[in-house]
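What follows is a single structure, and I will ask about it in a moment.
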Amino acid sequence: MSVGTRVAEVTGGRLTFDGVDLLDLAQRIPTPFYLYSARRVRWNIESLRNAFTRRHIDTEVFYASKACSLMWFLRQVLASGIDVEVNSGGELWKALQAGFRPDQIVFNGVAKTLEELREGVRVGVRAFIVDSLSELERLAGVASTEQLPARLALRADIDVPARTHPGLVTAHGGKFGLDPDDAVEAFRFAAAHQWLEPQGLHVHLGSQVTTLEPYERGMEAALDLYAEVEAACDLELEYLDAGGGFAVPYKTSTGVEAADAADYFRAPHGLDDYAQVVCGVVERRRPDLRLLVEPGRSIAATSAVLVARVEAEKTKAVRDRSGAKTGEERWLMLDAGYETLLEHRLYEWYFPAVVASRMGVEETARYRLAGPLCDSGDVWIGDDHRGFRELPAGTSVGDVVVFGQAGAYALEMMTPAMARPRAAAFAVEDGAVRRIRCRDSFEDLIANDEHWEGTDRS
Ligand code: PLP
């Protein structure tokens, strides 16, 4: 029988992910590694697409490739029939390499370079999402020089605060988008320009937005601006791009709400709820327009687990200010920390963990989980946002720890900090496990160093 945990499934007492026995895999492959599931990627995309198109049929989904732009992942997205959002020349190149047609690509970013704009114009992307007046002028210059049309949407900061981690807020004081007061002028400029084709309005409220109310307010504000622009510029826009931001739960394993856990860890709403709110406003006010959405996290997060191993353990006294011993803490040192999964540190997301090698053990004990880096901050967030995790009693060196919901903003953000090779990634596809990213070799760590025998490319 298969029973779900928030990490993976339990089949016959073993921890499995899309049918693959994780302990067995960790005995054959050096840890840490990621394991993706093709089925989960497709299922997430299907759920999302259905949630939106059921409520507003004219919805197009653009996967935000910043969440995971591994070539294997992009090809899964392509095969599932949705389009892609890119944020840099590199992501544009990767999307094209993966097989997306230019008209399937929207190009975001706050500081696009001349080269990036030129490349986008030359290949003919579906739309540039223009973030500022200066970028609009720059794009106009590039399109004129190239004598090629540039289709675009303007990104406006509609000033709707979203409940999320402060580092993920995009509107309301954030750096993204035009001031709405400049939107009419910008659309007028674009509409009058020979080579620019303004087609849409873009708003993106933030990432990991755990409440629905910002979407309600955001869609209302966006449609007000949409109508204002159309009237003032005598222009018929084609679409509203609502961005992404649909949250996944990074909260406790126990379900007990910690009093001090911030709201952005909880994600009480599913994709249906987001779709209902976003499409509800569109259907009520402008059922004629096309809706674009750009989800990243909600497609990638649950599509992978991170498999790590305990490399060291210790017990340390806890002392009060006078130095008197008040207790003890048991520490488990893993071979994966923020060099492998940066968001455990950057935003302090809680990634639920299961010890694959102690599945039958019912008794639990408290452990502090640390990564391998020479940095006191490289400690995994505990249950209920406290310092420790309840794990099977006796967990120790050699045990295999599996973190769930690890597929988004993970591979992209790996760093070879302290010369630790970036992890490999594997995928379950059609019942087989295959490697989709190699682990860095030591040679990779110096591949771009100059003036080093054997690596100097000049
Ligand atoms: N679109 C834009 C413009 C973004 O900046 C982001 C990320 O913040 C996304 C889409 C994807 O957001 P998420 O991964 O939270 O769905």
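Order of appearance sets the numbers: ligands from 1, and atoms from 1 within every ligand. Here the structure is a predicted model, which is why all the values come from computation and not from measurement.
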Query raised in the report: Going by distance only, is there an N or O of R155 that falls short of 3.5 Å from an N or O of ligand 1?
Result: no

Query raised in the report: Where's the contact between E294 and ligand 1, heavy-atom distance under 4.0 Å: side chain, backbone, both or neither?
Result: both

Query raised in the report: Is there side-chain contact between E115 and R118, with at least one heavy-atom pair below 4.5 Å?
Result: yes

Query raised in the report: Taking only heavy atoms of A64, which atoms of ligand 1 are found under 4.0 Å from at least one of them?
Result: 9 (C), 10 (C), 11 (C)

Query raised in the report: Are the aromatic rings of Y63 and F73 close, with centres under 6.0 Å apart?
Result: yes

Query raised in the report: Should you measure from each heavy atom of R297, which atoms of ligand 1 turn up under 4.0 Å away?
Result: 13 (P), 14 (O), 16 (O)

**Report entry** Side-chain H-bond candidate by donor/acceptor type, E91 with S69, under 3.5 Å
**Finding:** no

Query raised in the report: Are side-chain N/O atoms of E429 and W72 paired as donor and acceptor at under 3.5 Å?
Result: yes

Query raised in the report: Have S441 and D444 got a donor and an acceptor in their side chains that come within less than 3.5 Å?
Result: yes

Query - F52 ring center within less than 6.0 Å of F246 ring center - result: yes

Query - Distance filter under 4.0 Å to G245 heavy atoms, resulting ligand 1 atoms - result: 12 (O), 13 (P), 15 (O), 16 (O)

Requested in this report: State the atoms of ligand 1, each with its element, that fall below the 4.0 Å cut-off from a heavy-atom position in N108.
Outcome: 3 (C)

Report task. Using a 4.0 Å heavy-atom cut-off, say whether S207 meets ligand 1 through its side chain, its backbone, both or neither. Result -> both

Query - N or O pair under 3.5 Å between P295 and ligand 1 - result: no

**Report entry** Check: A67 N/O within less than 3.5 Å of ligand 1 N/O
**Finding:** no

Query - Close side-chain approach of V121 to L139, heavy-atom, < 4.5 Å - result: yes

**Report entry** Part of Y409 within contact of ligand 1 (heavy atoms, under 4.0 Å)
**Finding:** side chain

